[in-house]
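This report concerns only the one structure given below.
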Amino acid sequence: MKYRAYPRLVCLFLVLTPAWAFANDLLTRTLDAVRDAETVEMAGVPLLSGRLLADFYAKRGGEFVWTDPRRVRALLDLVEESRSAGFSPHDFHAETLGGMVAGGALDEVGESERIAMDVLLSDALLRYVHHTRYGKVDMVAIDPKWNDRAPAPAEKLIAEMSGALEAENMGAFMASRFEEPFWYRDLKKGLAAYAAKAHLEDLPPLPGGRLLTRGDRNSRVPPIRERLILFGDEDLVEPEDPTLFDEALRQAVMGFQRRSGLSADGIVGPATVGAMNAPFDEKRLAQIRINLERMRWLYEDLPPDYLFVDVADYQVRLIRDRRIQWETRVIVGTAEAQTPMFRDEMDHLVFNPTWSVPISIQKKMGRVSASYTLIDRRTGRKVSGGDASNYRRYQLVQKPGPRNALGRVKFMFPNRHSVYLHDTPSRGLFGRSRRALSHGCVRVQDPERLAELVLDGSSWDRAAIDRIIGAQRTRYINLDEHLPVLLYYLTAYADASGTHFRPDIYGRDAALREAFLAGPARGARIAFPEPQEPAEDERHPPNSSGDEDGASSNGVRLTRAER
């Protein structure tokens, strides 16, 4: 069958066919028509993937899927409950579907309308399965330079759609597909808690004035204490002198500052007063929602143990048995050399690593000390006395040692960015509150302790690690079991103390916010199985041509959509 499919957006108009075309036959022909179209709409509503929906119906024998009203109701309940994860029901065609199924409409419409309803319900189910497992926004499309993830496998999406339809309880099935990590559940709670603060939007503003710190007595102190109690610091107790800025108030101020992404110095200045005067902000609410979206990009099927690099918070956390076992500070990439966001697996460690100097750095160097080795790129031999800045001629390698740029330990998880975790001789930089200072890799404050914990259970205890480091010889240690590493860029995060907002140091929020709030996604990156080579007698089927104006033999017309 041949038909004209326009390269951008096509709009599908269903028309009634002759009497010989039964509904399920028309359904099959309709889905065949949209299978290879990049972006399609049905009844003015976009489909996430025509090809996947066609495969889904083919596996079910080309029959209608949504024949049980209870199943339809269960899907619409899931769509409505998606708000708790930061979605909008509109992302799943809630308005359209609600109108379609009201009052038994599924049983009262003609064939073409009935097909549109069935396919749009299946598209809503596909979106729910896809978005809750992989996210609504394609992380690679939104930022291909700094984001990495493989496409979603079609087989898994179809299997979960089928499982949801066959389950006695659709909601329970969806919740059982995989365990949500604790940090995702915490931020969902943070979303609910922040949304509940909407009633605080009209609070009278706190007055400004001079800086207030511990030990001060000032008439502005009581309303500040009252404001923090209103925000949730219910344990704050008023001292005998309510105008006294005491230690308890200082701790409460510091907690508020941390949650607000401010410097936690315990001093009430203009920035802190401004944040207290804006307890609820729709932009902050959106910030929580898009960070829930970011979490979905990499959180699929996490094992109990993994390493979590929180780039925007300058922390690395070792997760054991789905709980934080240990954490330490890190240094991440600058705005010009950003640390990317992706997931990989650590497979080995290197003690006393050498450092192959990146060309971007090497070209700025001239004569170098004896701690570096020049290697002639043409012969592969070591040379002396060459100009290190001549990167076309020489490769520059720094020898192992305490001054090596990678320090004494390197944690390897091979990836296209050549980004990894490592030690650094510049330990003083960890004292800074803002640590976007590297060329993209992640420098760890206490790498020896991290190595000890990663190698826990092997023969490499701390004494053995110290001995090998002291020998100053390069040693590679393969891990018995690979350890997943997640590099996340999160500008909102939640824990037991509340929801914390971080500065958008890389300026990534705006593009994601625009894409996430823009309505239903108009496509997804999905990996389909390789097609089987057709048999010889199937390569030239009879009567396969369509007419020239885009009308195919199934009675479905594909045209450009109105824009």
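Every value quoted in this text rests on a predicted model; they were computed, and no experiment measured them.
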Can you tell me if [atom1] on [X] sees more than 12 non-hydrogen neighbours from other groups inside 6.0 Å?
X	atom1	result
Tyr476	OH	no
Lys189	NZ	no
Glu514	CD	no

Assess the side chains of [X] and [Y]: does a donor N or O sit below 3.5 Å from an acceptor N or O?
X	Y	value
Asp148	His417	yes
Gln338	Arg508	yes
Thr354	Gln398	no
Asp509	Thr491	yes
Asp344	Tyr420	no
Ser263	Asp265	no
Ser82	Asp91	no
Arg525	Tyr134	no
Arg177	Thr132	yes

Audit row: Lys156, Glu300, side chain to side chain contact (heavy atoms under 4.5 Å, CB included) steps and yes/no | CA-CA 12 Å; Lys156 180 173 286 189; Glu300 179 196 15; 2.9 Å; yes
Relative to each other, are the rings of [X] and [Y] parallel, tilted or perpendicular (30° and 60° limits)?
X	Y	result
Phe231	Phe256	parallel
Tyr128	Phe92	tilted
Tyr299	Trp183	tilted

Please list all pairs passing the salt bridge (charged side-chain N to carboxylate O under 4.0 Å, His left out) test where one or both residues lie in residues 465-478, with sequence neighbours left out.
-> Arg462-Asp466
Starting from the C-alpha separation in whole Å, work towards a yes-or-no answer on side-chain hydrogen bond (donor to acceptor under 3.5 Å, both in side chains) for Tyr489 and Asp504.
-> CA-CA 9 Å; Tyr489 179 79; Asp504 182 13; 2.4 Å; yes
Is Leu191 close to Leu285 at the side-chain level, that is, under 4.5 Å between some pair of heavy atoms?
->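 In short, these two side chains touch, coming nearer than 4.5 Å.
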Does NZ or CZ of [X] fall inside the cone over [Y]'s six-membered ring, less than 6.0 Å from its centre and within 45° of the axis?
X	Y	answer
Arg284	Phe501	yes
Arg381	Tyr394	no
Lys399	Tyr372	no

